[in-house]
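Convention: sequence-line order gives letters A, B, ...; per-chain numbering from 1.
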Amino acid sequence: GNSVTQMEGPVTLSEEAFLTINCTYTATGYPSLFWYVQYPGEGLQLLLKATKADDKGSNKGFEATYRKETTSFHLEKGSVQVSDSAVYFCALRAAYSGAGSYQLTFGKGTKLSVIP
Amino acid sequence: DAEITQSPRHKITETGRQVTLACHQTWNHNNMFWYRQDLGHGLRLIHYSYGVQDTNKGEVSDGYSVSRSNTEDLPLTLESAASSQTSVYFCASSEGSGQGLSPLHFGNGTRLTVT
């Protein structure tokens, strides 16, 4: 079946540090890949996505590139801010169509804390 | 603005009681989902629906049921609450199908405690 593996947290960084959160996946074909962010007390929000190999998703200074050869979708940001403190989830949606293909499979989440 | 609303935000109930968590979306999305979030497990799919009168079991459906009588609502029922169902529950929705599928929109969650 499909699965997503994220690096274990929590991750604590100083403001303006470089961020990488690793994400690898197992799936057949070419799934769509997502990063969601969850701020305290809130639901998940889509951060960025990529739907085919070599696509780069980007938003709010975050980037992730769909690497089919390494089955990875690592999240990066060049300079984190305190406001980036949240839990980050990597997720995939299966490539096949039909029943059961519209839901997302999530990783376990990585908690990021950015200190001033 | 369109939104997805969950209620209540917090609920405490006793073992064995029936509990219903509400989810209402004004996006007019055809696809709706229920997830539970637990430390160390991330989000796991409970049930989902692709339209009115359609419901399907997810990864962790035992002890839960849903019904879809209209586009806007997908209530989640715990038939006989158990302590193992203490969790944070998220409802989500999306529209379209195939390559036209939109990303998921999430509600703010319901924190359920079963004592």
Side-chain angles (χ1 to χ4, degrees), chain A residues 1-10 21 23-26 29-52 55 57 59 64 73 86-111, chain B residues 3-7 9-10 21 23-25 27 29-51 54-61 66 74 87-111:
Chain A
N2 300 327
S3 66
V4 175
T5 303
Q6 288 181 238
M7 61 185 290
E8 296 286 331
I21 301 177
C23 172
T24 58
Y25 69 89
T26 301
Y30 289 82
S32 295
L33 301 174
F34 305 83
W35 277 100
Y36 278 81
V37 58
Q38 183 182 31
Y39 299 103
E42 298 183 8
L44 281 71
Q45 304 172 24
L46 178 66
L47 182 58
L48 52 85
K49 68 175 183 178
T51 58
K52 59 183 187 294
D55 265 3
N59 185 27
F73 193 55
V87 181
Y88 293 82
F89 291 91
C90 185
L92 71 81
R93 187 170 66 213
Y96 56 87
S97 61
S101 64
Y102 294 170
Q103 70 267 27
L104 298 184
T105 298
F106 287 89
K108 294 181 179 181
T110 303
K111 183 176 182 179
Chain B
E3 60 181 0
I4 182 165
T5 305
Q6 292 184 237
S7 60
R9 287 299 309 271
H10 303 273
L21 310 183
C23 175
H24 178 79
Q25 52 102 358
W27 292 95
H29 286 168
N30 46 318
N31 308 319
M32 295 184 73
F33 309 85
W34 274 104
Y35 288 88
R36 60 178 288 175
Q37 183 180 24
D38 303 288
L39 199 62
H41 290 279
L43 278 81
R44 292 180 291 175
L45 183 66
I46 305 171
H47 282 286
Y48 57 100
S49 168
Y50 292 156
D54 175 74
T55 60
N56 306 279
K57 293 181 178 180
E59 177 188 358
V60 290
S61 61
V66 293
L74 187 71
S87 185
V88 180
Y89 292 85
F90 286 99
C91 182
S93 69
S94 69
E95 67 175 4
S97 61
Q99 292 303 312
L101 198 62
S102 76
L104 287 181
H105 295 262
F106 281 84
N108 284 337
T110 294
R111 182 175 295 276

Given heavy-atom pairs under 4.5 angstrom as the criterion, report whether the side chain, backbone, both or neither of Gln38(A) touches chain B.
side chain

Would you indicate whether Gln45(A), at its atom CD, is surrounded by more than 12 heavy atoms from other residues, nucleotides or ligands within a distance under 6.0 Å?
yes

Looking only at the side chains, is there a donor atom on one of Ser94(B) and Asn31(B) sitting less than 3.5 Å from an acceptor on the other?
yes

Does any backbone or side-chain atom of Glu59(B) lie under 4.5 Å from a heavy atom of chain A? Answer side chain, backbone, both or neither.
neither

Within the distance-only criterion (no hydrogens, no angle test), does the side chain of Trp35(A) pair as donor or acceptor with the backbone N or O of Phe73(A) below 3.5 angstrom?
yes

Contact check, side chains of Leu92(A) and Asn2(A), non-hydrogen atoms, under 4.5 Å:
yes

Is Arg9(B) close to chain A through its backbone or its side chain, or both, or neither, when contacts mean heavy atoms under 4.5 Å?
side chain

Contact part of Leu46(A) toward chain B, heavy-atom cut-off under 4.5 Å: side chain, backbone, both or neither?
side chain

Within the side chain of Gln6(A), is there an N or O that forms a donor-acceptor pair under 3.5 Å with the backbone of Gly109(A)?
yes

With a 4.5 angstrom heavy-atom cut-off, is it the side chain or the backbone of Leu45(B) that approaches chain A, or both, or neither?
side chain

Return the option, out of Leu43(B), Leu39(B), Asp38(B), with the maximum number of heavy-atom pairs under 4.5 Å with chain A.
Leu43(B)

